[in-house]
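Please read the structure below before turning to the comments.
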Amino acid sequence: MEHSVTVSDGEQPFRAAANRSVLESALRENRWLPHACSQGTCGTCKIRVLCGEVDHGRVDDAVLSEAERASGLALACQASPRTDLTVAPLSETAPAGPRHPLRDHTGTVLELADIARCTRRLVVELDEPMEFSAGQYAELIVPGSGVARQYSMANPPFESRRLEFHVRKVDGGLATEGWIFGSLRPGDRIELRGPLGQFALVRPQGEPAILIGGGTGLAPLKSIVRHALSEDLVPGIDLYHGGRGQADLYDVDFFRALEAADSRFRYHPVLSEEQWDGATGMVTDVVLDDFASCRGRSAYLCGPPAMVTAAVKALKRRRMAPRSIFKEEFTVGAAPPAMSPA
């Protein structure tokens, strides 16, 4: 069954399947709704249901309380329509560049390699190209479960058929320990959908950019670096990548070579728990040491929530305008729902 969804932006209604979230249906119709994690943990996609009824799906009270639901709020990434709807996003954030419709894709695993401590590079050759913006992510479907997990593309958009993902192992993780670090092999077929997310660099900007990543938060930043330099979108990029020890760093040779070849790019690996001949300490503290002022610069941040929060505070201390700070927080996916007893 399908229902009509009208967004309070004046555009034409779109059709939404009863068994899909409002967000997914919107993106498949190339209609924009603000979102980030797409798994019900960040609250970016909150909408107000002005008319009609939704099934709220799996909702964490810490993200959307019972009182909020009673007042007409819903998470677009979790709520599905029970009737025709009229909704209004709480956030007015819109993509800065082109919108790419959400599509289902299939592909073949070309590469699966350990590149750092508990970290693997997964490269997939798609049957059909995926249009996306540098910084966006895709959802990989775990075989036999129907569960999707989110991973950012590390390759630039001009490599639209060969997608690169950086995956960190999660103990007991359905997608990681049970699949990507378990049974998955080169040559296997894989299902995914994308693109998703509003974390991206797509337009030329006059100010230099500071990129800060923790762990596999490097993935979308690598995409942004390659795209921005290729398209001459920024006058300069400083990339900071934080890890506990040298075993957590990866693609070091790639970025060193890029730094040597392009004077617009500077690479700063940082270790927080190991002494070496490079920068040590918290990556955000190193940024504070390197910049007396960040006024007139922009920032792109990706990694664990605590690191992203610390980075935002550090950049504001150095007088960076909040509107120039763009962020993506990596969170652990929710466990799949328990099966009912037979």
Side-chain angles (χ1 to χ4, degrees), residues 16-17 19-45 57-58 60 63 75-80 95 99-109 112 120-155 157 159-170 173-181 184 188-200 216-217 219-220 223 302 328-337:
N19 62 347
R20 281 182 176 160
S21 72
V22 172
L23 176 63
E24 181 177 349
S25 293
L27 297 180
R28 286 182 180 276
E29 294 298 321
N30 207 16
R31 294 292 304 279
W32 183 257
L33 286 176
H35 66 284
C37 75
S38 77
Q39 57 184 355
T41 59
C42 72
T44 303
C45 67
R58 302 178 64 211
D60 186 337
V63 181
L75 296 180
C77 74
Q78 300 298 308
S80 56
R99 297 189 308 206
H100 307 292
L102 178 67
R103 294 288 183 264
D104 297 315
H105 291 271
T106 54
T108 302
V109 176
L112 192 62
R120 283 190 170 179
R121 188 191 322 276
L122 169 61
V123 178
V124 179
E125 181 80 19
L126 297 181
D127 297 340
E128 300 290 340
M130 176 193 292
E131 295 181 357
F132 67 94
S133 296
Q136 288 191 294
Y137 66 89
E139 292 187 329
L140 277 59
I141 314 301
V142 182
S145 70
V147 171
R149 289 292 184 260
Q150 296 78 22
Y151 300 102
S152 298
M153 276 75 76
N155 57 290
E159 295 177 355
S160 58
R161 286 194 61 184
R162 189 185 177 100
L163 303 187
E164 175 185 344
F165 304 99
H166 302 163
V167 183
R168 182 169 178 80
K169 185 178 181 181
V170 176
L174 180 67
T176 58
E177 191 171 65
W179 180 40
I180 297 173
F181 286 79
L184 190 64
D188 285 357
R189 297 287 288 168
I190 193 170
E191 296 181 359
L192 61 154
R193 55 178 173 253
L196 291 148
Q198 57 193 39
F199 180 71
T216 54
S223 177
C302 189
E328 181 89 299
E329 295 181 355
F330 279 3
T331 56
V332 178

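All residue numbers refer to positions in the sequence shown, counting from 1. From a predicted model like this one, the values you see are computed outputs, not experimental measurements.
Enclosure of atom CD in E125 by more than 12 non-hydrogen atoms of other residues, nucleotides or ligands within 6.0 angstrom is indicated. For CD of E191, the number of neighbouring non-hydrogen atoms (other residues, nucleotides, ligands) closer than 6.0 Å is 12 at most.
For H35 (side chain) and G197 (main-chain N/O), a donor-acceptor pair under 3.5 Å exists by modelled atom type. In this structure a side-chain-to-backbone donor-acceptor pair under 3.5 Å is present from N155 to E164.
Looking at L192 and L126, their side chains come closer than 4.5 Å, going by heavy atoms from C-beta outward. Taking 4.5 Å as the limit, every side-chain heavy atom of Q78 sits out of range of all side-chain heavy atoms of D60. In this structure, H100 and P195 have side chains that are in contact, with non-hydrogen atoms separated by less than 4.5 Å. For the pair L140 and V124, the minimum side-chain heavy-atom distance is 4.5 Å or more. Side-chain contact between L112 and R120: present, with at least one pair of heavy atoms (C-beta onward) separated by less than 4.5 Å. Taking the side chain as every heavy atom from C-beta outward, L27 and L33 never approach each other to under 4.5 Å. At a threshold of 4.5 Å between non-hydrogen side-chain atoms, the residues I180 and Y151 count as touching. Within the 4.5 Å cutoff, no side-chain heavy atoms of V167 are placed close to those of T216.
Residues R28 and R103 share a closest heavy-atom pair of O-NH1, 3.0 Å. Residue A36 comes nearest to Y137 through the heavy atom pair O-OH, 2.5 Å, listed as atom of the first residue, atom of the second, then distance. Summarising the geometry of R189 relative to T108, their closest heavy-atom pair is NH1-OG1, 2.9 Å, with the distance given to 0.1 Å. Residues Q136 and L196 approach most closely at CB-O, 3.2 Å, considering heavy atoms. Heavy-atom minimum distance, S80 versus R20: CB-O, 3.3 Å. Taking all atoms of both residues into account, the shortest heavy-atom contact from Q198 to P34 is OE1-CA, 3.4 Å.
F132 contributes atom CZ, which lies 14.0 Å from atom CG of L102 (distance to the nearest 0.5 angstrom). Note that the CE atom of M153 and the CZ atom of F165 stand 6.0 Å from one another [nearest 0.5 Å]. The distance from atom CZ of F199 to atom OG1 of T44, rounded to the nearest 0.5 Å, is 13.0 Å. Of the inter-residue distances, the one linking E139 atom CD with Q150 atom CD reads 4.5 Å to the nearest 0.5 angstrom. With rounding to the nearest 0.5 angstrom, the CZ atom of R58 is 10.0 Å from the CD atom of Q39.
Side-chain contact, S152 with E328: no donor N or O sits under 3.5 Å from an acceptor N or O.
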Verdict with supporting geometry, R168 and T176, side chain to side chain contact (heavy atoms under 4.5 Å, CB included): CA-CA 7 Å; R168 182 169 178 80; T176 58; over 6 Å; no
